[in-house]
Amino acid sequence: MPRPFVYAGPMATLNLTRRLGLWDAKAIVIGTIIGSGIFIVPGEIARALPSAEWILAIWVVAGLLSLCGALAFAELGAMLPHSGGQYVYLREAYSPLWGFLFSWGLLLVIRSGGTATLAVGFSIYLSHLVPMPQVLERLSAPAIILALMILNYRTLIGGAVMQNITTLLKVAGLLFVAGTALFHQARSAPGVAEASVVEFGASEVGIALLACLWAYNGWFQAGFVGGEIRNPGRNLPISLGIGVGIVMLLYLLANVAYMQVLSVEEIAGTERVAAVVLERVFGLAGGTMISLIILVSITGAMNAGILTGPRVYFAQARDSLFFRIFGDVHQRFHTPAYAVLLQGAWAALLSLSGAYTGLFSFVMFVAWIFYGMTVLGVIILRKKRPEWERPYRMWGYPVTPLLFGLASLWLVVNTMLYRPLPSLAGLALIASGWPLFHLWRRHARPSQARAA
C-alpha cells in the first residue's frame, strides 16, 4: 500500500521514537488550548456581544467549530502518524509548497510569536507577585522561554511530564475559579437583562468568534508529535476529541461562573475578568491567587508549543526543504535538538525586542487559512488516496469538513473586510515563503538524487 514520502537520506540515521502515551497526548491538547485566553478574552467578547445568551452561544459555536477541526485532524493524524502533523497533512493533500508555507508562517510568527506573547504575559503576572526592576521583568520573558527550551532540548519525557503537571494544575485552577464564583452569593445588578437588548451586527459576531477561537487555539498541535505517540491510530483521535470536549465544558462553566459574580457590563469593562472575580470573592488575596493560576497556565501553554512546534521544522528538514541540521536527532537525548533551539532562540528574541507585537496581530488570520485548507484536505485525500488505511474516519463526513471550510472562509473574509491591514500583512507573510520554497527545492535536487 502506498505511503507518504518519508525522507531516507543521510539525515535519517536516527529517528524520533514513540514514547508518548494517551495521557501525554491529551495533556498536550488540553494544556496547549488553555493558556491565558479564558482569563482575559471574555471582556472583549462582552464588548462585542453585550448579551449573556449570545456570549454563551458564541462559546458553544467556537467550541463545536474547534471540535470539528479536531476530528478532521484526528482522521489525518491517525492516517499519517508522522512528526510534523499539519505540515505533513498539507503536503500530502495539496503539495510540498503548502506544507512549506505553513511551516514558514509557524516559525516566523504563529508558534514563535505566540510563545513570545505568552512569555511577556508571564513576566507581567510574575512582577505582580514578585516586585522587580523593569529590566528584570523584561528579562524574565526570554528566561522562561530558554528554561523550557533547555528542558525540551534534553528530554522528550521531561517535557511531557512538565506538560502533564501543568495541565493538571491549570485545570484544577480553572475549576477553582469557576467553583468559587458559582457558589458566591448571586449579584443583584440587572446588567444582563438590560444588555441583552443592545444591537450588534455581523462584524461584532466575527470579532467575538475570533476572540473565542483564540481561546480555543492550539488543539491542532498534538499532531505535530504524531511520530512520537504510541498507537497513534487510537490515541490521537481519542486525545483530540476528549481534549477539546473537556476544554469546551470548562470554558462554558467559567463563563457562567463569571456572570454569577459580574454583570455583562462589568465583564465588558475589564481586561482582567478572572482577577476581578476572585478579588470580588476573596478580596486582595484573590489577585495573588489568579496570578499564580495564570502563571501555571501560561507555563503549560508555552511548554506545549516548545515541545510540539520544532517537530514541524524537523519534518521539513527531512524533506530537504530546510537546513539539514534541523532534521537531525540528538544522539543522546533523542530529540530534534537543533529545531528546538531554533524556535526557542527566535521566540526569546521576539519577547525581548517587542517586534512580535506587530506580527502577532494577524496570527489568527494566517492560522485559519491553513486550518480551513487542512480540514478540507480530508475530502481531498479521500478522493486522492482512497487506498490508505484510515484507523479513524471523521464523524459527519462530508458535511462537517465542508461546514468547517465555509466557517473558515467566512472568518478570513470577515477579517479582511474589518481588519484589512493585519490581513494584508498576513497574506504578505504567506507570499514571502513562495520564493524561499523554490530556492530550497532547487538546492535540494542534487542531494535527493544522490539519496535515491
Side-chain angles (χ1 to χ4, degrees), residues 20 23-42 62-63 66 70 85-86 106 109-126 140-149 151-152 158-175 177 211-225 239-240 243-244 246-248 250-251 254 272 274 290-312 340 343-344 346-348 350-351 356 360 363-364 367:
L20 299 177
W23 170 250
D24 299 317
K26 285 192 289 187
I28 289 172
V29 175
I30 297 171
T32 308
I33 295 174
I34 303 176
S36 59
I38 187 58
F39 305 108
I40 298 171
V41 299
S66 299
Q86 194 173 355
L106 190 80
V109 67
I110 296 174
R111 184 66 277 146
S112 301
T115 299
T117 303
L118 288 168
V120 172
F122 180 94
S123 68
I124 292 170
Y125 278 97
L126 181 63
S140 65
I144 184 64
I145 293 175
L146 294 176
L148 293 172
M149 179 192 76
L151 173 66
N152 285 280
V161 169
M162 169 67 80
Q163 194 60 38
N164 293 341
I165 293 172
T166 54
T167 297
L168 283 172
L169 290 175
K170 71 170 66 179
V171 170
L174 190 54
L175 287 173
V177 173
C212 284
L213 290 171
W214 165 243
Y216 279 107
N217 196 38
W219 44 265
F220 62 95
Q221 291 194 153
F224 291 177
V225 291
S239 63
L240 283 163
V244 174
I246 288 174
V247 172
M248 183 178 172
L250 287 171
Y251 281 5
R272 300 167 56 250
I290 196 63
S291 293
L292 286 170
I293 292 170
I294 292 177
L295 282 174
V296 172
S297 186
I298 289 175
T299 300
M302 280 193 294
N303 183 73
I306 292 171
L307 189 158
T308 59
R311 273 65 184 175
V312 174
V340 173
Q343 180 182 277
W346 177 234
L350 290 178
S351 72
Y356 74 92
F360 200 62
V363 165
M364 290 300 290

Legend entry - Residues forming a side chain to side chain contact (heavy atoms under 4.5 Å, CB included) with Ala301, sequence neighbours excluded: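 Applying side chain to side chain contact (heavy atoms under 4.5 Å, CB included) to Ala301 gives Leu118, Lys170.
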Legend entry - With sequence neighbours excluded, residues passing side chain to side chain contact (heavy atoms under 4.5 Å, CB included) with Ser66: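 With sequence neighbours excluded, Ser66 shows a side chain to side chain contact (heavy atoms under 4.5 Å, CB included) to Leu213, Tyr216, Trp219, Val244, given in chain and number order.
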Legend entry - Heavy-atom side-chain contact between Val171 and Ile30 under 4.5 Å: yes
Inset, instruction - Would you check if Met162 and Leu148 make a side-chain contact, meaning some heavy-atom pair closer than 4.5 Å? - result: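 Contact flag for Met162/Leu148 side chains = yes.
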Hey, does the side chain of [X] reach the backbone of [Y] with a donor-acceptor pair shorter than 3.5 angstrom?
X: Thr166; Y: Gln163; value: yes
X: Gln343; Y: Gly305; value: yes
X: Asn303; Y: Gly159; value: yes
X: Tyr125; Y: Ile298; value: no

What's the spacing between [X] [atom1] and [Y] [atom2] if we round to 0.5 Å?
X: Phe122; Y: Ser291; atom1: CZ; atom2: OG; result: 11.0 Å
X: Thr167; Y: Asp24; atom1: OG1; atom2: CG; result: 10.0 Å
X: Asn164; Y: Ile28; atom1: CG; atom2: CD1; result: 8.5 Å
X: Leu174; Y: Tyr251; atom1: CG; atom2: OH; result: 7.5 Å
X: Met302; Y: Asn152; atom1: CE; atom2: CG; result: 11.5 Å
X: Gln86; Y: Leu106; atom1: CD; atom2: CG; result: 8.0 Å

Inset, instruction - Identify the two heavy atoms, one from Ser123 and one from Ser140, that lie closest to each other, and give their separation to 0.1 Å. - result: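 Smallest interatomic distance, heavy atoms only, reads CB-OG, 3.0 Å.
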